[in-house]
Amino acid sequence: MMTTMIWMTGIRKTYRLGEVEVPVLKGIDLTIEEGDYVSIMGASGSGKSTLMNIIGCLDRPSAGHYVLEGRNLTTLNNKGLAYIRNQRIGFVFQQFNLLPRSTALENVMLPMVYAGASRSQRRQQAAVALTRVGLGDRLGNRPSQLSGGQQQRVAIARALVNRPALVLADEPTGALDSQTSHEVMTLLTELNHQGITVIIVTHEPDIAAQTHRVIHVQDGLLQGQEHTGNSASLRMQK
């Protein structure tokens, strides 16, 4: 039996520019189950990034309800949202967002600093996360000593270090060549096989086609979704 991880209803987001209100999301209803592997597609300005920011608790909706793992996040204060971001959600960004003067290990340890973990625990879990993404021999390397694909693997390890239930990847292959993009997508698919719910924002149809379900956003509204045919075979592997 599937368990609902994300339930959104009537999600709206309006920004104010001076005296002008600009509606970006105009009433989103969305359900994502635990263990799902979803891509969100849409043209620039469609609202897909704003939707991702609300899912990731980086922004608040202007109206509507957002329930994550049974908790109504629209009632939480900023401290509560920060806790959810740190403990339940891992983030992967297009430009990696690594600290250039810090080693791979130190970059991956960072979310655990905010979680209040001891230094020994941070080092141990960060090393495990880097080994999990195939970089166990690169703990002491700085970003400038790593390829683009390796930097993205560090970013994925950082997203995993607090053992989140949900990974959000915003254009995770946008800065990578085709071969490296394939490697990163293979890694995200493996993580989904292990039970992590993965949501990817992308403008690339070939990337979206590797997920279970493609959700299309246009003009601040969901314009339909399609199943790629991958989900049945993936369920058989679980």
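All values reported here derive from a predicted model rather than from experimental measurement.
In this structure, OG1 on T74 lies 10.0 Å from CE on M8, to the nearest 0.5 angstrom. Residue L51 holds its CG atom at 7.0 Å from CG of L222, rounded to the nearest 0.5 Å. Annotation: the span from L98 atom CG to S144 atom OG amounts to 11.0 Å, rounded to 0.5 Å. In this structure, the separation between CE on M52 and CD1 on I200 is 8.0 Å, given to the nearest 0.5 Å. Interatomic distance, CD1 of I156 versus CZ of F93, reported as 12.5 Å (0.5 Å rounding). With rounding to the nearest 0.5 angstrom, the CE atom of M5 is 9.5 Å from the OG1 atom of T3.
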Exercise for the section: Check the pair Q125 / Q121 against side-chain hydrogen bond (donor to acceptor under 3.5 Å, both in side chains), numbers first and verdict last. Expected result: CA-CA 6 Å; Q125 286 188 210; Q121 184 181 7; 3.0 Å; yes
Exercise for the section: Please lay out, stage by stage, how T4 and E33 fare under the test side-chain hydrogen bond (donor to acceptor under 3.5 Å, both in side chains). Expected result: CA-CA 4 Å; T4 298; E33 309 295 341; 3.2 Å; yes
Exercise for the section: Could you go through the side-chain hydrogen bond (donor to acceptor under 3.5 Å, both in side chains) check for Q210 and T189 one step at a time? Expected result: CA-CA 8 Å; Q210 298 178 58; T189 300; 5.1 Å; no
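Proximity of Q150 to L135: side-chain heavy atoms (C-beta onward) are separated by under 4.5 Å at one or more points. Side-chain contact between T14 and V24 is absent, with no heavy-atom pair separated by less than 4.5 Å. Contact check for N86 versus P111: side-chain heavy atoms found under the 4.5 Å cut-off. Put simply, the side chain of T75 reaches to within 4.5 Å of the side chain of N72, judged on heavy atoms. Using a 4.5 Å cut-off on side-chain heavy atoms (C-beta onward), L81 and L73 make contact. At least one side-chain heavy atom of Q151 sits less than 4.5 Å from a side-chain heavy atom of P143.
Atom NE2 of H216 is surrounded by more than 12 heavy atoms from other residues, nucleotides or ligands within 6.0 Å. Within a 6.0 Å radius of CD in Q124, other residues, nucleotides and ligands contribute 12 heavy atoms or fewer. For R60, the CZ atom is densely surrounded, since the number of other residues' heavy atoms within 6.0 Å is greater than 12.
A side-chain N or O of D177 and one of T180 form a donor-acceptor pair less than 3.5 Å apart. Under 3.5 Å, the side chains of Y15 and D59 contain a donor-acceptor pair of N or O atoms.
Across every non-hydrogen atom of A159 and F91, the tightest pair is CB-O, 3.5 Å.
Using a 4.0 Å cut-off between charged nitrogen and carboxylate oxygen, D36 and R213 count as a salt-bridge pair.
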